[in-house]
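Here is the structure we will look at, set down as structure tokens.
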Amino acid sequence: MGTSAAIAPINYPPVADANGPYEGCVGSTITLDATGSYDPDGYPLTYEWDLDNDGEYDDATGMYAYYTWNSVGTYDVGLRVTDNSGACDIYVARVIINNCGIPEFPAIALPVVAILGLALFFQRRKD
């Protein structure tokens with residue numbers, strides 16, 4: 001008779017999905033959502049987030065992450081999901097932060113307003 005060997009089950013890697021792109025306002029908390037992530041084998045996942053784009057997935061854990069940006073710009077956030085066998089997947093989502101109506105005046109605006117104010121002051125004055 002022949003010999004038999006145990007065959008290890010195949011572990012399919014998980015699929016990371018951080019949804020996005022996200023958009024928000026300076027100073028507002030953005031909720032990042034990894035509920036689109038899954039493991040084809042049906043095993044639970046661990047969720048790790050890189051919110052400051054330093055390559056380290058140490059800024060948040062869990063299916064949701066919350067972050068506040070204090071500057072206008074476009075940012076990338078990373079999500080790493082890992083299954084019970086150690087297989088992982090990474091997804092990078094884009095976050096666009098706007099000033100949301102906070103007026104940005106050019107540097108010359110204040111002197112122009114001051115000059116116009118003086119001109120109006122002199123025009124209104126009666127002798």
Side-chain angles (χ1 to χ4, degrees):
M1 268 207 164
T3 61
S4 64
I7 298 175
I10 295 174
N11 179 45
Y12 295 100
V15 176
D17 184 356
N19 292 304
Y22 296 93
E23 192 165 346
C25 302
V26 169
S28 296
T29 301
I30 305 294
T31 301
L32 306 166
D33 178 358
T35 58
S37 302
Y38 65 94
D39 183 64
D41 301 314
Y43 294 111
L45 296 172
T46 58
Y47 302 83
E48 301 166 293
W49 295 87
D50 175 13
L51 303 175
D52 56 10
N53 201 24
D54 67 355
E56 300 291 327
Y57 291 83
D58 59 356
D59 300 317
T61 58
M63 197 175 290
Y64 298 96
Y66 308 91
Y67 200 74
T68 303
W69 284 267
N70 293 314
S71 299
V72 171
T74 301
Y75 302 90
D76 290 328
V77 295
L79 166 67
R80 179 172 61 194
V81 295
T82 306
D83 69 12
N84 66 328
S85 295
C88 67
D89 188 33
I90 293 173
Y91 185 96
V92 176
R94 177 83 17 117
V95 180
I96 301 165
I97 302 298
N98 300 300
N99 68 2
C100 296
I102 300 170
E104 291 185 21
F105 296 106
I108 194 161
L110 185 57
V112 168
V113 170
I115 291 168
L116 289 175
L118 288 175
L120 292 175
F121 174 76
F122 289 122
Q123 289 176 355
R124 290 185 193 177
R125 190 169 180 185
K126 295 182 180 181
D127 288 329

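FYI, side chains are in, hydrogens and waters are out, and symmetry mates aren't considered; it's all heavy atoms of this structure. By convention here, the first residue in the shown sequence is residue 1.
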Value rounded to 0.5 Å, distance of [atom1] in [X] from [atom2] in [Y]:
| X | Y | atom1 | atom2 | answer |
| --- | --- | --- | --- | --- |
| D50 | I90 | CG | CD1 | 9.0 Å |
| C100 | E23 | SG | CD | 7.5 Å |
| D89 | Y38 | CG | OH | 9.0 Å |
| Y43 | N84 | OH | CG | 6.0 Å |
| N19 | L32 | CG | CG | 9.5 Å |

Does [X] share a hydrophobic cluster with [Y], counting links as ILVMFWY side-chain heavy atoms below 4.5 Å and allowing steps through other members?
| X | Y | result |
| --- | --- | --- |
| V95 | Y47 | yes |
| V77 | Y64 | yes |
| W49 | L45 | yes |

Do the side chain of [X] and the main chain of [Y] share a donor and acceptor less than 3.5 angstrom apart?
| X | Y | value |
| --- | --- | --- |
| D41 | N11 | no |
| D59 | D52 | yes |
| Y91 | V81 | no |

Over all heavy atoms of both residues, which pair between [X] and [Y] is shortest? Give the atoms and the distance, please.
| X | Y | result |
| --- | --- | --- |
| D83 | P14 | OD2-CD, 3.8 Å |
| L51 | A60 | CD1-CB, 4.1 Å |
| L79 | S37 | CD2-OG, 3.6 Å |
| V26 | N99 | CG2-CA, 4.2 Å |
| E56 | D54 | N-OD1, 2.9 Å |

Original post:
Are side-chain heavy atoms of T31 and Y66 found at a separation under 4.5 Å?
Top reply: yes

**OP:** Measure the shortest side-chain to side-chain distance between N98 and C25 over non-hydrogen atoms and say whether it is less than 4.5 angstrom.
**Re:** no

Subject >> Worked verdict on V92 versus N53 for side-chain contact (heavy atoms from CB on, under 4.5 Å) >> reply: CA-CA 10 Å; V92 176; N53 201 24; over 6 Å; no

**OP:** Look at D76 together with R94 and state whether they make a salt bridge at an N to O cut-off of under 4.0 Å.
**Re:** yes

Subject >> Centroid-centroid distance, Y67 to W69, less than 6.0 Å >> reply: yes

